Q: 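Below you'll find the structure I mean.
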There are 2 protein chains.
Amino acid sequence: MLFLQQIYEFMEYFQELKATKIFDSASEFDCQAMMFCFKTKFKMFDKNENIITQGNRIEDIILILKGGGIVENIDILGNISIVMQLKKGDVYGVESAYAGDEYYKDSVIATEKTLVLFMNKHRLINPCENRCKRHDSVIKNLMRLVAESNLKLLDKLTHLSKKTTREKLLSYLGLMSERAKSDYFEIPFNITELANYLSVDRSAMSNELSKMKKEGLIDYDKRQFHIFNSKIKY
Amino acid sequence: MLFLQQIYEFMEYFQELKATKIFDSASEFDCQAMMFCFKTKFKMFDKNENIITQGNRIEDIILILKGGGIVENIDILGNISIVMQLKKGDVYGVESAYAGDEYYKDSVIATEKTLVLFMNKHRLINPCENRCKRHDSVIKNLMRLVAESNLKLLDKLTHLSKKTTREKLLSYLGLMSERAKSDYFEIPFNITELANYLSVDRSAMSNELSKMKKEGLIDYDKRQFHIFNSKIKY
DNA sequence: TAAAAAGTGTTGTTTTTACAACAAATATAT
DNA sequence: ATATATTTGTTGTAAAAACAACACTTTTTA
């Protein structure tokens, strides 16, 4: 059973838990059982705090319950790149855990005050002795999340595969427009973050955006974009 | 039950099926039951034949039983890029199926004579009425595959995030060396394919490789590489 | 609300890339 | 075995990107 402290935490955070894609179909009773089963720990992080540190041994899979963070990778030469963003309901570590990795290959850093659920990797992956169907449903939900993450990575790859900054921008903005089903849309990055995401120099990208605006291909203000698709295709 | 034709096929290909990560733990009886459950079809493709065509409606998830292929994406401007390679035991379509996509976003093309198993998307994803545990084991295996695919995409993203061709090459070759646990290793691409994979101009990359060889950073012949790690770090 | 911090746009210079064209080497098919 | 197709290395040129420096704007915070 849960310790008293854990029960208090659980009661406090159950609503957040219930709102995630992983635990959405679970009852309070099931959830509580899984908390025990997965050896969960709740933990609150301040902005800029490390939730996971690159290189540390993988013990847990994390689930963001409140707030958000970035997944950051530092390569051998010290270059920092943002691999992805994590929002409420997102998980990190599932792939590495399933693939049998030993160490985290990225750091996860809170970009605001963030509540995180830690779930023991082994407990989550290996079906419990009694083969509970709650566990199965969590795995099915995890599968959907990993699949979606996969598709996000494929999207990013599509953009990064383009050779020029302009093509990268158009690939990204085109997709955003398609997703929004509109020529008007809002992007989830500011300009600096977008440059990081697309792995291009910020000032060069800013310059390219200006040119495209002058040429009438796009219009934008802050995160609001308007793409003139008719002018772009051919 | 299976039609006679299907039984013949099944008997002929059971060994290949058994050798995959998806069906490894299943008995012949279980496999046969799943063949029925997933409405499977076996199909043989010649080199350069389309196994899956970009834009077609997603009906099946595929599993490569013999041979191999490439996943190829053509963007709106007609640029072709190799998204990944598929080898014996690899699957394609799982992520899109789980994420609820309607159409294939890539084409899959056989690079040699290739045997493919088609499995009905709906049957595979939705647990069967009797909640058979074979089905669960297949899903668990699929999960591992998707997780691994995810990590492959992350690797590629790491390389593509580098700004110069040299950095991309070193990122890729460095990883290959790490994986091989040796300064000597073989890469799964020829030079032209590697340029495609890294999304750089082939001739420019060839040129860069030559320079790096002259500078004594690497040595190579065909697909055999030798990386002088000591000269590279710092 | 003032001060500090973070983000943005612009410009010029240097470095790197894409592109095109071609010869040489290698692999493939008949 | 030979012809044919594909792959590879090299070079020069034009285009594009990175980089650095700076002024200006917006956001954050104390």
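Here is the naming used below: chain letters follow the sequence lines, and residue numbers restart at 1 for every chain. It should be emphasised that the depicted structure is a prediction, and the values quoted were computed from it without experimental measurement.
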Q: Whole angstroms only, please: what is the CZ-C1' distance between A:Phe225 and C:dT8?
A: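 Nearest whole value for this atom pair: 12 Å.
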Q: Determine the contact category for A:Thr192: base if any of its heavy atoms lies under 4.0 Å from a base atom, sugar-phosphate if only primed atoms, P, OP1 or OP2 are that close, otherwise nothing.
A: sugar-phosphate
Q: OP1 or OP2 of D:dA16 less than 4.0 angstrom from a side-chain nitrogen or oxygen of A:Thr164, does that happen here?
A: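 No, A:Thr164 has no side-chain N/O under 4.0 Å of OP1/OP2 on D:dA16.
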Q: In whole angstrom, give the distance that lies between atom CG of B:Leu194 and atom C1' of D:dG9.
A: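 Interatomic distance, CG of B:Leu194 to C1' of D:dG9: 15 Å.
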Q: Measuring to OP1 and OP2 of D:dA16, would you say a side-chain N or O of A:Thr165 lies under 4.0 angstrom away?
A: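 For A:Thr165, the contact criterion (side-chain N or O under 4.0 Å from OP1 or OP2 of D:dA16) is not met.
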Q: Report the nucleotide, chosen from C:dA18, D:dT7, D:dC19, that has the shortest atom-to-atom distance to any side-chain atom of A:Asp201.
A: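 The nucleotide sitting nearest to the side chain is D:dC19.
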Q: Could you give the NZ-to-C1' distance, from B:Lys162 to D:dA18, as a whole number of Å?
A: 16 Å
Q: Closest to the A:Lys163 side chain: D:dT8, C:dC19, D:dA17?
A: C:dC19
Q: Would you mind reading off the distance between B:Lys168 atom NZ and D:dA17 atom C1', rounded to a whole angstrom?
A: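 Rounding to the nearest Å, NZ of B:Lys168 and C1' of D:dA17 are 10 Å apart.
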Q: Side chain of B:Arg202, heavy atoms from C-beta onward: which of C:dG9, D:dT10, C:dA27 has the nearest atom to it?
A: D:dT10
Q: Can you tell me the distance, in whole Å, between the CD atom of B:Glu167 and the P atom of D:dA17?
A: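 Rounded to whole Å, this separation is 16 Å.
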Q: What integer distance in Å separates B:Met212:CE from D:dG9:P?
A: 13 Å
Q: What do you reckon, are the aromatic ring centroids of A:Phe38 and A:Phe118 less than 6.0 Å apart?
A: no
Q: Return the value, rounded to whole Å, for the distance between atom CG of B:Asp221 and atom C1' of C:dA25.
A: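 From B:Asp221 CG to C:dA25 C1': 12 Å.
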Q: If each of B:Asn207 and B:Asn190 is mapped to the nucleotide of DNA chain D with the nearest heavy atom, which maps nearer the 5' terminus, i.e. the 5' end?
A: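 Closest to the 5' end, via its nearest nucleotide, is B:Asn190.
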Q: Could you state the atom-to-atom distance from CZ of B:Arg223 to P of D:dT7 in whole Å?
A: 11 Å
Q: Which nucleotide, D:dA21, D:dG9, D:dT26, lies nearest any side-chain atom of A:Ser203?
A: D:dA21
Q: Can you find a heavy atom in the side chain of B:Ser199 that is under 4.5 Å from one in the side chain of B:Leu160?
A: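 Yes, at least one pair of side-chain atoms sits under 4.5 Å.
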Q: So A:Tyr220, base contact, sugar-phosphate only, or nothing? Heavy-atom distance under 4.0 Å.
A: sugar-phosphate
Q: Select base, sugar-phosphate, or nothing to describe what B:Ser206 touches, counting heavy atoms under 4.0 Å on all strands.
A: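 The residue B:Ser206 makes base contact.
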Q: Let me know, please, whether A:Glu208 or A:Lys222 comes out on the 5' side of the other along DNA chain D by nearest nucleotide.
A: A:Glu208
Q: Can a salt bridge be assigned to the pair B:Asp90 and B:Lys21 using a cut-off of 4.0 Å between side-chain N and carboxylate O?
A: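 Here B:Asp90 does not pair with B:Lys21 in a salt bridge, since their nearest N and O are not under 4.0 Å apart.
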Q: Salt bridge or not for A:Glu215 and A:Arg166, using N-O below 4.0 Å?
A: yes
Q: Between B:Lys213 and B:Tyr220, is NZ or CZ placed under 6.0 angstrom from the six-membered ring centre and within 45° of the ring axis?
A: yes
